[in-house]
Amino acid sequence: MQTNRSNVGALIGGTVLIAFGLLALAGQIFRNLDWGFLWPFAVIGLGALFFVAMFAGGKQAAGFAVPGSIVGGIGLVLLFQNITQHWESMSYFWTLIILFVGAGVYLMGWYGGDAEQKRSGWRIMKVGLILFIIFGAFFEMIFSSFDGFIFPVLLILLGLYLVVARSGLLAGKKNDSNDSIPPVS
């Protein structure tokens, strides 16, 4: 299916109108529902609109995956914050934005068919996850108001990953004779 810019605009505008209509209808049907609790879904929906634009625009619009991942990911973080009421975790949840950027770059490479972008996105996601674990462990140990086992376990897993990754066990490389240490005479 070939689309042009006017069709993409109509698709996005139509999607926005459908979303607002569904919210208004849900507000009329479910009057006792606490909409103050569900507001992060509006941010998640805004992120989803970027993905609608990406799919509607074809491979040349693959770049919409980056803002879609960032905005949608922030919406998921806000939903988590709203559900748990653990707003202190925002002191380190900002590191997830780096992970969301990496996810967007990865998805952009996947949708656009660029393997190098996928690899770059994966590397950015790893940096974001490592920062999340480090900052999360630091701030949760200071505030210790969340489950006391999550971040120590994540620190152990991060340490194991670093040890295993740096030892070459994850690379799956076969030993070549050029890589081995020459014998001592």
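Sequential numbering from 1 along the given sequence is applied to the chain's residues. For clarity, every value in this text was computed on a predicted model and none was experimentally measured.
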Practice prompt. Could you go through the side chain to side chain contact (heavy atoms under 4.5 Å, CB included) check for Leu157 and Tyr161 one step at a time?
Written response: CA-CA 6 Å; Leu157 291 174; Tyr161 168 76; over 6 Å; no
Fill in: Stepwise side chain to side chain contact (heavy atoms under 4.5 Å, CB included) check, Gln85 with Asn82
CA-CA 5 Å; Gln85 294 296 308; Asn82 215 14; 3.7 Å; yes
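With rounding to the nearest 0.5 Å, the separation of CD1 in Ile98 from CD1 in Ile124 is 9.5 Å. Atom-to-atom distance recorded for Leu107:CG and Lys118:NZ is 10.0 Å, nearest 0.5 angstrom. Leu96 contributes atom CG, which lies 9.0 Å from atom CE of Met90 (distance to the nearest 0.5 angstrom). Between atom CZ of residue Phe93 and atom CG of residue Leu76 there is a gap of 11.0 Å, rounded to the nearest 0.5 Å. One finds the OG atom of Ser69 at 11.0 Å from the CD1 atom of Ile74 (value rounded to the nearest 0.5 Å).
Annotation: side-chain hydrogen bond (donor to acceptor under 3.5 Å, both in side chains) contacts of Lys59 (sequence neighbours excluded): none. Shown here are the side chain to side chain contact (heavy atoms under 4.5 Å, CB included) partners of Ala48, two or more places apart in sequence or in another chain: there are none. Partners of Leu49 by side chain to side chain contact (heavy atoms under 4.5 Å, CB included), not counting sequence neighbours, listed by chain and number: Thr15, Val16, Leu46. Residues that satisfy the side chain to side chain contact (heavy atoms under 4.5 Å, CB included) test with Leu25, not counting sequence neighbours, are Ile29. Glu116 is linked by a side chain to side chain contact (heavy atoms under 4.5 Å, CB included) to Asp114, Arg119, Ser120, Arg123, counting only residues two or more places apart in sequence or in another chain. With sequence neighbours excluded, no residue satisfies ring pair (Phe, Tyr, Trp, His ring centres under 6.0 Å) with Trp122. Applying the side-chain hydrogen bond (donor to acceptor under 3.5 Å, both in side chains) test to Thr95 and every residue at least two apart in sequence or in another chain returns nothing. Annotation: ring pair (Phe, Tyr, Trp, His ring centres under 6.0 Å) contacts of Phe50 (sequence neighbours excluded): none.
Ring geometry, Phe132 versus Tyr92: the interplanar angle falls from 30° to 60°, so the pair is classed tilted.
Heavy atoms only, all atoms of each residue included: Met125 and Ala103 are closest at CG-N, 3.4 Å. Of all heavy-atom pairs between Ala65 and Met54, the closest is CB-SD, 3.5 Å. Across every non-hydrogen atom of Ser89 and Gln81, the tightest pair is OG-NE2, 2.7 Å.
Within 6.0 Å of the OH atom in Tyr106, the count of heavy atoms belonging to other residues, nucleotides or ligands does not exceed 12.
Ile18 forms part of a hydrophobic cluster together with Leu22, judged by ILVMFWY side-chain heavy-atom separations under 4.5 Å.
The aromatic ring centres of Phe64 and Phe55 sit 6.0 Å or more apart.
A side chain to side chain contact (heavy atoms under 4.5 Å, CB included) with Leu129 holds for exactly one of Leu131, Val127, Ile133; it is Ile133. Just one of Leu79, Val77, Val71 meets the side chain to side chain contact (heavy atoms under 4.5 Å, CB included) condition when paired with Val43; it is Val71.
By the rule that hydrophobic residues join a cluster once side-chain heavy atoms approach within less than 4.5 Å of another member, Tyr111 and Val52 end up as members of separate clusters.
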